[in-house]
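Atoms within each ligand, like the ligands themselves, are counted from 1 in listed order.
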Amino acid sequence: MNDAYAPTPEDRFTFGLWTVGNPGADPFGPAVRPKQDPCEIVRKLGEIGAWGVNLHDNDLVPFDATPTERDRIVSEFKKACEESGIQVPMATTNLFSHPIFKDGAFTSNNPQVRAFAIRKTMDAIDLGVELGAKNYVFWGGREGTEVEACRDPRTAIQRIREGMNFLCEYVIDQKYDLKFALEAKPNEPRGDIYFPTTGHMLHFIETLQHSEMVGVNPEVAHETMAGLSFVHGVGQAMEAGKLFHIDLNSQKIGRYDQDFRFGAEDPKQAFHLVRLLEGTADGDRWEGSRHFDAHAYRTEDLDGVWEFARGCMRTYKILKEKAIAFDSDPEVQQLIAEIHDPEIDPLIKKYSRDHVKKLRALHLDADLLGSIGLGWERLDQLVIEHLLGSR
Ligand code: GLT
Ligand code: MN
Ligand code: MN
């Protein structure tokens with residue numbers, strides 16, 4: 001029973017109600033699994049060793065529930081969480097399912113739709129805070145278009161800014177301890193979605209009135225759909241102090257949003273991601289939730305769903321073990337040891353006229369430097385050998 005990969009609360013593994021609760025419907029066929037009760041999901045998550053559960057307002061409280069029904073559902077759910085030792089670290093709003101959002105929520109051309117979206121989000125924020133959430137995700141799935149002529153993209157961006165500024169003020173006014181995390185996606189369900197990548201989001205955040213309380217929630221599948229390096233996107237967000245949340249899953253490049261089990265595709269990228277988040281090479285460990293925004297294949301029944309969930313956590317922990325071993329490997333350390341040059345380092349860190357003079361006087365042999373091999377073939381082979389278990 002001594003399983004080195006058994007999840008612990010320190011691992012901070014979380015799942016969404018919508019992930020393990022996904023019944024397997026797709027655009028070509030209906031659900032293949034029964035709907036699971038949220039309280040049952042929480043109990044099961046407790047059993048398999050997850051730390052937390054995240055939710056959209058309507059994953060728990062139906063869109064048309066009365067206030068009395070809402071309160072009953074929420075109090076039963078809270079009780080299930082307490083009994084199972086499950087936290088609710090993140091919450092979000094469903095601003096994409098109801099037909100009112102078919103042409104966007106905050107970006108809709110109709111002020112009544114925008115008002116509805118803001119009001120629904122305030123209610124969902126209240127719900128999230130009541131459940132203990134500290135992070136609030138915004139995924140603007142319908143904030144896009146197929147018909148470019150319908151809206152100037154600058155108008156869309158301004159409307160999202162107004163929405164974010166309004167909701168930041170709401171959180172501050174309510175004295176909630178809550179941060180926002182914005183999630184980018186290039187397309188699907190819209191032809192094109194505004195703010196297609198984490199990089200677009202990072203810039204937009206700096207234009208907000210309360211940018212200090214807003215960061216990003218990058219998702220493996222979404223950056224991969226755009227053909228980008230997820231590890232670089234996450235690294236940029238971390239370096240900026242803006243990685244507030246993360247959606248782990250996996251994805252083949254150039255496909256629909258697959259949301260596969262973490263590490264199922266491209267385990268090498270998953271390895272580099274875990275290495276970055278765990279800080280095994282350099283820097284501090286990132287302390288946020290390891291949230292799996294993924295779901296089981298449509299081929300699976302409920303047993304397959306829980307096999308999927310255990311697989312996400314187990315793969316993460318195996319990759320963490322590999323990352324620690326890789327970064328403790330003396331050959332790896334030797335290959336990536338930083339080159340220090342006490343004469344040159346200070347010259348190029350900061351501009352001054354004196355530094356320009358000294359820089360110009362330096363003897364730098366371009367042909368010699370260009371002829372030296374770097375050893376990255378060996379380094380990458382070591383990655384593979386660690387991953388495949390032969391080292
Ligand atoms: C939806 C989407 C995800 C988002 C969720 C949060 S819901 O399943 O595909 O990427 O993170 O709204
Ligand atoms: Mn996501
Ligand atoms: Mn996705």
*Would you name the N/O/S atom of E219 that lies closest to the Mn ion (ligand 3)?*
OE2
*asked:* Please list, in number order, the atoms of ligand 1 under 4.0 Å from a heavy atom of E219.
replied: 3 (C), 10 (O)
*What angle, in degrees and rounded to 10°, do you get at the Mn ion (ligand 3) when you join it to NE2 of H222 and to OD2 of D257?*
90°
*Scan side-chain atoms only and decide if N187 and Y256 contain a donor-acceptor pair under the 3.5 Å cut-off.*
no
_Is a donor from one side chain sitting under 3.5 angstrom from an acceptor on the other, for Q381 and E385?_
yes
*Of all N/O/S atoms in E183, the name of the one nearest the Mn ion (ligand 2)*: OE2
_NZ/NE/NH1/NH2 to OD/OE distance under 4.0 Å, R190 and E143_ = no
*Taking 2.8 Å as the cut-off, does an N/O/S atom of D293 lie below it from the Mn ion (ligand 3)?*
no
*Got the closest protein heavy atom to atom 12 (O) of ligand 1, with its distance?*
H56 NE2, 2.8 Å
*For H222, counting its heavy atoms only, list the atoms of ligand 1 lying under 4.0 Å from any of them.*
10 (O)
*asked:* Please classify the D247 to ligand 1 contact at 4.0 Å (heavy-atom distances, strictly less than): side chain, backbone, both or neither.
replied: side chain
_From the N, O or S atoms in D259, identify the one nearest to the Mn ion (ligand 3)._
OD1
_Considering non-hydrogen atoms of the protein only, which is the closest contact for atom 1 (C) of ligand 1, and what is the distance?_
W139 CZ3, 3.7 Å
_Check R159 with D152, please: is the shortest side-chain N to carboxylate O separation under 4.0 Å?_
no
*Look at atom 3 (C) of ligand 1 and say which protein heavy atom is nearest, naming residue and atom and giving the distance to 0.1 Å.*
D293 OD2, 3.0 Å
*Under a 4.0 Å N-O cut-off, is there an ion pair linking E331 with R391?*
yes
*Among side-chain atoms of S97 and N94, is any donor-acceptor pair under 3.5 angstrom?*
yes
*How are the rings of F326 and H386 set relative to one another: parallel (under 30°), tilted (30 to 60°) or perpendicular (over 60°)?*
perpendicular
*Between Y297 and Q258, a side-chain donor and acceptor under 3.5 Å*: no
*Strictly under 6.0 Å, is that where the ring centroids of Y176 and Y136 end up?*
no
*Which residue and non-hydrogen atom of the protein lie closest to atom 9 (O) of ligand 1, and at what distance in Å?*
D257 OD2, 3.9 Å
*Within a distance under 4.0 Å of any heavy atom of E183, pick out the atoms of ligand 1 and give their elements.*
3 (C), 4 (C), 10 (O), 11 (O)
*asked:* If you consider just the N/O/S atoms, which atom of D247 is the closest one to the Mn ion (ligand 2)?
replied: OD2
